[in-house]
Amino acid sequence: MAEARIDSSALDLTDRVVAINRVAKVVKGGRRFSFTALVVVGDGHGHVGVGLGKAREVPEAIRKSVEHAKKDLMLVPLRATTIPCEITGHFGAARVYLKPAAQGTGVIAGGAVRPVLEAAGIQDVLTKTLGTNNPHNVLKATMDAFRRMKRLQSTYSSRRKAGETDGQEGTGGKEA
């Protein structure tokens with residue numbers, strides 16, 4: 001099931017550069033350098049996106065990555081200032097564990113997870129990055145956790161709706 005695309009022009013997005021990497025290509029005349037930029041964009045109210053851009057100059061790579069991130073926006077489920085449930089996201093060797101926290105805890109996260117959570121507007125959460133600390137894979141694992149959380153929320157809501165229409169609530173499975 002494909003998600004509906006979110007219109008980025010209607011949102012007040014801020015971008016944050018997570019990583020910049022210089023890549024060298026060896027050619028006949030020497031080395032040609034190019035740059036990759038990994039950027040997170042978000043509005044602080046549940047919308048967040050991640051983008052990767054490559055170019056010969058750093059500003060151009062950042063511009064491309066912001067453009068890509070705006071196309072890849074998703075809505076993160078929030079409960080007040082935290083996330084609704086514990087979840088683990090996977091991508092490659094990276095695993096990111098996200099756990100809701102009490103109000104006032106803050107964002108207990110490191111590496112590439114923190115910018116994503118802050119861009120999404122999550123203020124109280126506990127996290128642990130397992131496996132690798134490669135920012136590319138950690139960002140994608142975090143986004144995977146958000147997607148899994150979204151699927152979990154839709155599953156729960158559909159089960160609640162099915163339970164309401166069943167007419168068997170509160171009977172304990174026995175006919176009266």
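The pair Lys140-Asp144 does not count as a salt bridge, with every side-chain nitrogen at least 4.0 angstrom from each carboxylate oxygen. The pair Glu60-Arg63 counts as a salt bridge, with a side-chain nitrogen and a carboxylate oxygen less than 4.0 angstrom apart.
Identified under the side-chain hydrogen bond (donor to acceptor under 3.5 Å, both in side chains) test for residues 14-26, with sequence neighbours left out: Arg16-Glu118. Listed by first then second residue, pairs satisfying side-chain hydrogen bond (donor to acceptor under 3.5 Å, both in side chains) with a partner in residues 122-138 read Thr81-Asp124, not counting sequence neighbours. Applying the side-chain hydrogen bond (donor to acceptor under 3.5 Å, both in side chains) rule to pairs touching residues 82-110 yields Glu86-Tyr97, sequence neighbours excluded.
Leu13 contributes atom CG, which lies 6.0 Å from atom NZ of Lys70 (distance to the nearest 0.5 angstrom).
Residues Phe146 and Val96 are not in side-chain contact: their nearest non-hydrogen atoms beyond the backbone lie 4.5 Å or more apart. Looking only at side-chain heavy atoms (C-beta outward), His68 and Lys64 stay at 4.5 Å or farther from each other. Side-chain contact between Ile122 and Leu98 is absent, with no heavy atoms from C-beta onward closer than 4.5 Å. A heavy-atom distance below 4.5 Å is found between the side chains of Val116 and Met143.
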Sequence neighbours excluded and cut-off under 3.5 Å, please list the side-chain donor-acceptor pairs for residues 26-43, or say none.
| from | atom 1 | to | atom 2 | distance (Å) |
| --- | --- | --- | --- | --- |
| Asp43 | OD1 | His45 | N | 2.9 |
| Asp43 | OD1 | His47 | N | 3.1 |
| Asp43 | OD2 | His47 | ND1 | 3.0 |

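Taking each heavy atom of Ser65 and Gly53 in turn, the nearest pair found is CB-N, 3.3 Å. Closest of all the heavy-atom pairs between Leu139 and Ala112 is CD2-O, 3.2 Å. Here the closest non-hydrogen pair linking Pro77 and Pro84 is O-CD, 3.3 Å. Nearest heavy atom pair, residue Ala61 against residue Ala55, reads N-CB, 3.6 Å.
Partners of Glu57 according to the salt bridge (Lys or Arg N to Asp or Glu O under 4.0 Å) rule, which considers only residues two or more places apart in sequence or in another chain, do not exist here.
Note on Val50: it does not cluster hydrophobically with Phe91, by side-chain heavy-atom contacts below 4.5 Å among ILVMFWY residues. The cluster map of Ile, Leu, Val, Met, Phe, Trp and Tyr, joined by side-chain heavy atoms under 4.5 Å apart, puts Leu152 and Leu117 in the same cluster.
Applying the 4.5 Å side-chain rule to ILVMFWY residues, one finds Leu126 in the same cluster as Ile108.
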